[in-house]
Amino acid sequence: DGGITQSPKYLFRKEGQNVTLSCEQNLNHDAMYWYRQDPGQGLRLIYYSQIVNDFQKGDIAEGYSVSREKKESFPLTVTSAQKNPTAFYLCASKSRLGGTQPDTQYFGPGTRLTVL
Amino acid sequence: AQSVTQPDIHITVSEGASLELRCNYSYGATPYLFWYVQSPGQGLQLLLKYFSGDTLVQGIKGFEAEFKRSQSSFNLRKPSVHWSDAAEYFCAVGAGDYKLSFGAGTTVTVRA
(Lines give C-alpha, C1' and ligand atoms only; values in the text may rest on other atoms or scores of the structure.)
Protein backbone atom coordinates (compact mmCIF):
# COMPACT_ATOMS: atom_id res chain seq x y z
CA ASP A 1 0.00 0.00 0.00
CA GLY A 2 1.24 3.49 -0.81
CA GLY A 3 1.49 5.97 1.99
CA ILE A 4 3.53 7.91 4.49
CA THR A 5 5.03 6.28 7.55
CA GLN A 6 6.38 8.04 10.60
CA SER A 7 8.35 6.43 13.38
CA PRO A 8 8.30 6.11 16.24
CA LYS A 9 4.70 6.89 17.21
CA TYR A 10 5.79 8.02 20.68
CA LEU A 11 9.20 9.40 21.60
CA PHE A 12 10.60 10.51 24.91
CA ARG A 13 13.67 12.66 25.23
CA LYS A 14 15.67 14.06 28.07
CA GLU A 15 16.44 17.75 28.07
CA GLY A 16 19.66 18.54 26.21
CA GLN A 17 19.44 15.56 23.85
CA ASN A 18 19.00 15.64 20.10
CA VAL A 19 16.41 13.28 18.63
CA THR A 20 15.56 12.33 15.05
CA LEU A 21 12.05 11.66 13.77
CA SER A 22 11.66 9.46 10.71
CA CYS A 23 9.39 10.12 7.73
CA GLU A 24 9.24 7.82 4.72
CA GLN A 25 6.89 7.90 1.72
CA ASN A 26 6.40 5.48 -1.18
CA LEU A 27 4.05 7.73 -3.14
CA ASN A 28 6.83 8.94 -5.45
CA HIS A 29 6.11 12.48 -4.28
CA ASP A 30 8.69 15.16 -4.85
CA ALA A 31 7.79 17.55 -2.04
CA MET A 32 7.87 16.74 1.67
CA TYR A 33 6.96 18.80 4.73
CA TRP A 34 7.32 18.83 8.50
CA TYR A 35 4.71 20.46 10.73
CA ARG A 36 4.45 20.94 14.44
CA GLN A 37 1.03 20.79 16.10
CA ASP A 38 0.25 22.28 19.51
CA PRO A 39 -3.22 22.42 21.09
CA GLY A 40 -5.22 25.41 19.85
CA GLN A 41 -2.57 26.50 17.34
CA GLY A 42 -3.22 24.38 14.29
CA LEU A 43 -0.25 23.25 12.24
CA ARG A 44 2.90 25.30 11.85
CA LEU A 45 5.44 24.61 9.11
CA ILE A 46 8.96 23.73 10.26
CA TYR A 47 10.78 22.79 7.04
CA TYR A 48 9.90 21.70 3.54
CA SER A 49 11.72 20.19 0.61
CA GLN A 50 10.67 20.24 -3.03
CA ILE A 51 13.50 18.12 -4.45
CA VAL A 52 16.30 15.89 -3.20
CA ASN A 53 19.25 17.70 -1.62
CA ASP A 54 17.29 20.92 -1.24
CA PHE A 55 15.09 22.23 1.57
CA GLN A 56 13.75 25.52 2.90
CA LYS A 57 12.93 26.86 6.35
CA GLY A 58 9.32 27.23 7.29
CA ASP A 59 7.82 29.53 9.87
CA ILE A 60 9.35 27.94 12.98
CA ALA A 61 12.66 26.35 11.88
CA GLU A 62 14.76 27.45 14.85
CA GLY A 63 16.02 24.47 16.84
CA TYR A 64 15.29 21.98 14.07
CA SER A 65 17.30 20.51 11.20
CA VAL A 66 16.46 18.28 8.24
CA SER A 67 18.11 16.41 5.40
CA ARG A 68 16.81 15.12 2.06
CA GLU A 69 19.31 12.63 0.70
CA LYS A 70 16.66 10.38 -0.86
CA LYS A 71 13.36 11.21 -2.51
CA GLU A 72 11.39 8.96 -0.17
CA SER A 73 12.94 10.09 3.12
CA PHE A 74 12.86 13.39 5.04
CA PRO A 75 14.08 12.98 8.63
CA LEU A 76 13.68 15.76 11.17
CA THR A 77 16.15 16.33 14.00
CA VAL A 78 14.95 18.18 17.06
CA THR A 79 18.04 19.70 18.60
CA SER A 80 18.78 20.76 22.15
CA ALA A 81 18.42 24.35 20.94
CA GLN A 82 14.65 23.91 20.57
CA LYS A 83 13.27 25.54 23.71
CA ASN A 84 9.92 23.77 23.89
CA PRO A 85 10.03 20.60 21.81
CA THR A 86 7.12 18.72 23.37
CA ALA A 87 4.52 18.53 20.58
CA PHE A 88 2.89 16.36 17.94
CA TYR A 89 4.94 16.27 14.72
CA LEU A 90 3.36 15.59 11.35
CA CYS A 91 5.07 14.79 8.08
CA ALA A 92 3.37 15.36 4.74
CA SER A 93 4.15 14.94 1.06
CA LYS A 94 2.73 15.91 -2.29
CA SER A 95 3.55 15.58 -5.96
CA ARG A 96 5.28 18.57 -7.50
CA LEU A 97 3.44 19.77 -10.56
CA GLY A 98 5.07 21.73 -13.32
CA GLY A 99 2.91 24.78 -12.60
CA THR A 100 2.19 26.59 -9.38
CA GLN A 101 -0.87 24.72 -8.16
CA PRO A 102 -0.35 23.57 -4.59
CA ASP A 103 -2.20 20.30 -5.18
CA THR A 104 -2.89 18.14 -2.15
CA GLN A 105 -0.67 17.35 0.79
CA TYR A 106 -1.03 13.89 2.29
CA PHE A 107 -0.15 13.35 5.92
CA GLY A 108 1.51 10.64 7.94
CA PRO A 109 0.15 9.38 11.28
CA GLY A 110 2.42 11.63 13.38
CA THR A 111 4.99 11.29 16.16
CA ARG A 112 4.31 12.56 19.66
CA LEU A 113 7.51 13.85 21.25
CA THR A 114 7.68 14.40 24.99
CA VAL A 115 10.63 15.99 26.74
CA LEU A 116 11.13 14.66 30.24
CA ALA B 1 0.87 36.14 3.02
CA GLN B 2 -2.22 33.99 3.30
CA SER B 3 -3.98 33.22 6.57
CA VAL B 4 -7.00 31.30 7.81
CA THR B 5 -9.43 31.94 10.65
CA GLN B 6 -11.72 29.33 12.11
CA PRO B 7 -13.94 31.34 14.47
CA ASP B 8 -15.36 28.36 16.38
CA ILE B 9 -12.97 26.55 18.68
CA HIS B 10 -15.50 23.93 19.75
CA ILE B 11 -18.92 22.90 18.45
CA THR B 12 -21.31 20.38 20.01
CA VAL B 13 -24.01 18.88 17.82
CA SER B 14 -26.59 16.14 18.30
CA GLU B 15 -26.34 13.00 16.24
CA GLY B 16 -28.52 13.38 13.16
CA ALA B 17 -28.44 17.17 13.25
CA SER B 18 -26.77 19.32 10.63
CA LEU B 19 -23.27 20.72 11.05
CA GLU B 20 -21.61 23.82 9.66
CA LEU B 21 -18.00 24.79 10.35
CA ARG B 22 -16.84 28.25 9.44
CA CYS B 23 -13.64 29.17 7.66
CA ASN B 24 -12.51 32.63 6.58
CA TYR B 25 -9.33 33.18 4.61
CA SER B 26 -7.15 36.11 3.70
CA TYR B 27 -5.33 36.00 0.39
CA GLY B 28 -4.91 38.50 -2.41
CA ALA B 29 -5.49 36.19 -5.35
CA THR B 30 -7.69 33.17 -6.00
CA PRO B 31 -7.00 30.78 -3.15
CA TYR B 32 -6.70 27.04 -3.13
CA LEU B 33 -8.77 25.80 -0.17
CA PHE B 34 -8.82 22.55 1.76
CA TRP B 35 -10.64 20.92 4.65
CA TYR B 36 -8.90 18.19 6.62
CA VAL B 37 -10.17 16.05 9.51
CA GLN B 38 -8.07 14.66 12.36
CA SER B 39 -9.06 11.98 14.85
CA PRO B 40 -7.26 12.06 18.23
CA GLY B 41 -3.62 11.07 17.95
CA GLN B 42 -3.83 10.58 14.19
CA GLY B 43 -2.68 12.33 11.05
CA LEU B 44 -4.84 14.55 8.87
CA GLN B 45 -7.20 13.17 6.25
CA LEU B 46 -8.34 15.26 3.31
CA LEU B 47 -12.12 15.80 3.19
CA LEU B 48 -12.32 18.04 0.14
CA LYS B 49 -10.55 20.77 -1.80
CA TYR B 50 -11.35 23.72 -4.03
CA PHE B 51 -9.08 24.87 -6.82
CA SER B 52 -11.46 26.41 -9.36
CA GLY B 53 -14.81 25.90 -11.09
CA ASP B 54 -18.00 24.99 -9.27
CA THR B 55 -18.04 26.77 -5.93
CA LEU B 56 -19.91 23.94 -4.21
CA VAL B 57 -17.49 21.10 -3.60
CA GLN B 58 -18.42 17.57 -2.58
CA GLY B 59 -16.09 15.55 -0.42
CA ILE B 60 -15.83 12.25 1.37
CA LYS B 61 -18.01 11.10 4.28
CA GLY B 62 -20.97 13.18 3.09
CA PHE B 63 -19.29 16.57 3.58
CA GLU B 64 -19.54 19.54 1.25
CA ALA B 65 -18.12 23.05 1.26
CA GLU B 66 -19.01 26.26 -0.53
CA PHE B 67 -16.49 28.84 -1.68
CA LYS B 68 -17.83 32.40 -1.43
CA ARG B 69 -15.35 34.88 -2.81
CA SER B 70 -17.37 37.92 -1.70
CA GLN B 71 -17.25 36.73 1.91
CA SER B 72 -13.75 35.19 1.78
CA SER B 73 -15.27 32.04 3.20
CA PHE B 74 -15.12 28.30 2.65
CA ASN B 75 -17.60 26.81 5.13
CA LEU B 76 -17.91 23.06 5.61
CA ARG B 77 -21.33 21.41 5.97
CA LYS B 78 -22.87 18.04 6.62
CA PRO B 79 -26.65 17.51 6.59
CA SER B 80 -26.77 14.75 9.20
CA VAL B 81 -23.95 14.11 11.64
CA HIS B 82 -22.89 10.63 12.77
CA TRP B 83 -21.12 9.85 16.04
CA SER B 84 -18.02 8.97 14.01
CA ASP B 85 -17.78 12.59 12.83
CA ALA B 86 -16.47 13.64 16.23
CA ALA B 87 -12.98 14.93 15.47
CA GLU B 88 -10.98 18.09 14.88
CA TYR B 89 -11.41 19.87 11.57
CA PHE B 90 -8.87 22.10 9.91
CA CYS B 91 -9.31 24.56 7.09
CA ALA B 92 -6.22 25.41 5.02
CA VAL B 93 -5.35 27.83 2.23
CA GLY B 94 -2.60 27.34 -0.32
CA ALA B 95 -0.82 29.71 -2.62
CA GLY B 96 1.59 29.20 -5.48
CA ASP B 97 4.60 28.40 -3.33
CA TYR B 98 3.65 24.87 -2.32
CA LYS B 99 2.94 25.85 1.29
CA LEU B 100 -0.31 25.62 3.19
CA SER B 101 -1.51 27.86 6.00
CA PHE B 102 -3.82 26.18 8.50
CA GLY B 103 -6.49 27.52 10.80
CA ALA B 104 -6.37 26.71 14.50
CA GLY B 105 -9.00 24.01 14.10
CA THR B 106 -12.55 23.34 15.29
CA THR B 107 -13.27 20.43 17.61
CA VAL B 108 -16.61 18.75 16.98
CA THR B 109 -18.35 16.80 19.73
CA VAL B 110 -21.35 14.65 18.83
CA ARG B 111 -23.87 13.90 21.54
CA ALA B 112 -26.25 10.96 21.38
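Just so you know, these numbers use all the heavy atoms, side chains as well, and skip hydrogens, waters and symmetry mates. Note on naming: letters A, B, ... go to the chains in the order of the sequence lines (proteins, then strands), and numbering restarts at 1 for each one. Owing to the predicted nature of the structure, the values given are computational and were not obtained by experimental measurement.
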Would you say that more than 12 heavy atoms from the other residues, nucleotides or ligands in this model lie under 6.0 Å from the NZ of Lys14(A), or not?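 No - once you tally the heavy atoms of other residues, nucleotides and ligands closer than 6.0 Å, there are 12 at most.
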
Heavy-atom count check: over 12 atoms from other residues, nucleotides or ligands less than 6.0 Å from Glu69(A) CD?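 Check fails, neighbour count at 12 or below.
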
Are [X] and [Y] in one and the same hydrophobic cluster, where Ile, Leu, Val, Met, Phe, Trp and Tyr link if side-chain heavy atoms are under 4.5 Å apart?
{"X": "Ile11(B)", "Y": "Leu47(B)", "answer": "yes"}
{"X": "Tyr10(A)", "Y": "Leu113(A)", "answer": "no"}
{"X": "Leu11(A)", "Y": "Val115(A)", "answer": "no"}
{"X": "Phe88(A)", "Y": "Val78(A)", "answer": "no"}

Quick check for you: to the nearest 0.5 Å, what is the distance between Lys99(B) atom NZ and Gln50(A) atom CD? 10.0 Å

Should Thr104(A) and Tyr36(B) count as side-chain neighbours, where that means a heavy-atom distance under 4.5 Å? yes

Which region of Ile9(B), side chain (C-beta onward) or backbone (N, CA, C, O), has a non-hydrogen atom less than 4.5 Å from a non-hydrogen atom of chain A, or is it both or neither? neither

Quick check on Gln38(B) against chain A: is it the side chain, the backbone, both or neither that has a heavy atom closer than 4.5 Å? side chain

Honestly, the part of Leu45(A) sitting under 4.5 Å from a heavy atom of chain B is side chain

Does any heavy atom of chain B fall under 4.5 Å from the side chain of Gln37(A), the backbone, both, or neither of them?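 Only the side chain of Gln37(A) comes within 4.5 Å of chain B.
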
Might you work through the side chain to side chain contact (heavy atoms under 4.5 Å, CB included) test for Tyr33(A) and Leu100(B), ending with a clear yes or no? CA-CA 10 Å; Tyr33(A) 305 78; Leu100(B) 292 181; over 6 Å; no

